[in-house]
Structure formats: structure tokens, C-alpha cells
Participant: 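Provided herewith is a single structure, encoded as C-alpha cells, for subsequent inquiry.
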Amino acid sequence: MKIITTIPQLRKTIATMRRKGRSIGFVPTMGALHNGHLSLIRRSKKQSDITVLSIFVNPAQFGPKEDYKKYPRTWPADIQKARRDGVEIVFAPTAHAMYPRGFATWVSMDKSITDTVLCGRSRPGHFHGVATVVAKLLNLVQPDIMYLGQKDAQQCVVLHRMVNDLNIPTRVVVCPTVREKDGLAMSSRNQYLSSAERQEAIALYQALCLGRDLIRNRERHASRICSAMRQHVQKNSRGVIDYLNAVDPATLQSLRKIRGAVLLAGAVRFGNTRLIDNIIVPTYNG
Ligand code: PAF
């Protein structure tokens, strides 16, 4: 496994791979690797000749009051996991290499998918930072396929849009959310939870399942589904709800009536830790 920290070194290695006709699968991460990331790596290993994993805690996607400084950095364990799972190249640039002095170019997207829906409402500018760093990484790695986790539903929609709009020749593959035994979605931020918070955190997934069951039982009013999901979290935890919403999975706009597939998505703060989760419910009309 090659560990690359500079852009010229990465470009050289990628050019060699390309010359040899190798297909490239790319898994972008901020490290603190868990089984969710590992499922993306495994998928890439199945579909591509070479798997490139990036580990970069991107300062541009954290708000001034967010956890950039304390975001978990678990380099030795990450490298061990990447090696064990057969990653060929780890790209771990410095912030200075990615955002040198005078950096002035950003990927700016329509606020209706970045800033006015779901996580964007409480994290303004977050997806601007995500889109910019991923555009840079795609230019550097030039992958055939990029693998993303469904847990970050809005990120998947935003990056799909960006790749299409900018005609980036990379296919985006979204892999299912990997869950703990009790259903909690795996996330690097789970390690912030106290044991009491960890127990309560399951209320978020349970609420989404409750919403799904209501839809399966033919409830079609989004407002009723969302109230039931909110009530579940409020009754079963001390979590503070940021949002619990039923939205169109393609546009992320809130729905009034359930028709076709629905994305049930939520963000809840347990103590100081904000967790997100979602499920897609296919709807059979009637
Ligand atoms: O999902 C993440 O870990 C990050 O948002 C990503 C895609 C690596 C961009 O920094």
C-alpha cells in the first residue's frame, strides 16, 4: 500500500496507473474509519483494479463553531484497516496542500439543495466546502467510480448533482448505510457519545422506522409522519431534534403528500453530538 501526501506524487502515481489501463475506484473519507467506510472499500475492491482512499479532515466543511479541531483523528488504526482491506493508495494531503495561500476558487451550488434543506439549514456553507474538496479530489484521483455512503443522504445528492453538472467523468455509487447491531448508523462521531447518550441515540433510527411503518400502513400525510417521528425521539430520549423530515429523495424538497419514493431523514443532537440518519421508503401508491 502506497501512502501519498503530496499532490505531485499522487499525480505521478495516478498517471502510471492510467497508462497501464487500470480502473480506479475512489473512497473519499475524513478518516476515523469504521465498518461503513470499509464497506465502501470492499465494494471498490470488487469493481475496480485500484482502490484509492483519501483521508483528509477538510477544514472548509466545518463551521466556526463545529468540531474541526476535535474531529477524531485515528491515523495508525486507519492505516492498519486500509492495509488489511487491500487499499492500494492512501492519499492524505495537508490542509496547506489542498488550500494553499491565495486559494480563491470554490464550487458554489444552488442553495436549494445545499443550504435551505436538511443539514444545510443548520450547517450553512457545509456543502460548499464538501463540493469544493470533492471536486479537487476528483480532479486529482481521476477515478472511474466514487463510492459514497447513503448515511450522508444530502451529501450523495449534492455530489451526484455536482458530478453531473460539471461533466466529471466519474460514476457515483451510493452504498447502503452500515448499522450497529441495534440499528444505530455507523459514524465517526458515535465515539463522542457517553454510554447514556449511546443508548438514547437509537431513538433516531427507531423514529425513522416508525415513519416507514406508517407509510407502509398507508399514511400519506407527511406532517403526521413527521410528528410521529418527532414524538418518538422526544418520548424516548433527551435528544434535541434539528430536523425530522419526509422529502423527495432526488430534490430533497419537503413533501406534503407521500407519492412515490420518500426519503425520511433526521438530525438529532445527543449531548454535544449531532447525529444524522435516513431511510428511503419506496411507496406503492394507494
Ligand atoms: O463524508 C465525508 O467524510 C466527507 O464529507 C468527504 C466526502 C470525505 C468530503 O470531505
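Read the numbers this way: they start at 1 and go in the same order the structure lists the ligands and their atoms. When a residue number appears, it is its place in the shown sequence, counting from 1.
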Participant: With a 3.5 Å cut-off and no angle check, do the side chains of Asn58 and Tyr99 form a donor-acceptor pair?
Facilitator: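 Yes, a side-chain donor-acceptor pair sits under 3.5 Å.
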Participant: Determine whether the side chains of Tyr68 and Gln61 contain a donor N or O and an acceptor N or O closer than 3.5 Å.
Facilitator: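 There is no such pair (donor and acceptor under 3.5 Å, judged by atom type) between the side chains of Tyr68 and Gln61.
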Participant: Should you measure from each heavy atom of Thr29, which atoms of ligand 1 turn up under 4.0 Å away?
Facilitator: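 Answer, ordered by atom number: 8 (C).
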Participant: Write out the residue and atom name of the closest protein heavy atom to atom 3 (O) of ligand 1, then the distance separating them to 0.1 Å.
Facilitator: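 Nearest neighbour among protein heavy atoms for atom 3 (O) of ligand 1, to 0.1 Å: Met30 CG, 3.5 Å.
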Participant: Between Arg171 and Asp144, does any side-chain N to carboxylate O distance fall below 4.0 Å?
Facilitator: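 No salt bridge links Arg171 with Asp144.
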Participant: Considering heavy atoms of the protein only, find what lies nearest to atom 2 (C) of ligand 1 and give residue, atom and distance to 0.1 Å.
Facilitator: Gln155 NE2, 3.8 Å
Participant: Under the 3.5 angstrom rule, does the side chain of Asn236 hit a backbone N or O of Ala203 as a donor-acceptor pair?
Facilitator: no
Participant: Which ligand 1 atoms does Val133 reach within 4.0 Å, using its non-hydrogen atoms?
Facilitator: 9 (C), 10 (O)
Participant: Which one holds for Leu159 and ligand 1: side chain close, backbone close, both close, or neither close, with close meaning a heavy atom under 4.0 Å?
Facilitator: neither
Participant: Count the heavy atoms of every other residue, nucleotide or ligand shown that sit under 6.0 Å from CD of Gln199, and state whether that count exceeds 12.
Facilitator: no
Participant: Is there a side-chain contact (heavy atoms from CB on, under 4.5 Å) between Ile276 and Leu204 once you walk through the steps?
Facilitator: CA-CA 8 Å; Ile276 59 172; Leu204 171 54; 5.7 Å; no
Participant: Considering only non-hydrogen protein atoms, determine which one is nearest to atom 9 (C) of ligand 1 and report residue, atom name and distance to 0.1 Å.
Facilitator: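 Result for atom 9 (C) of ligand 1: Gln61 OE1, 3.3 Å.
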Participant: Show the atoms of ligand 1 that are less than 4.0 angstrom away from any heavy atom in Pro28.
Facilitator: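 So the atoms of ligand 1 that pass are 8 (C).
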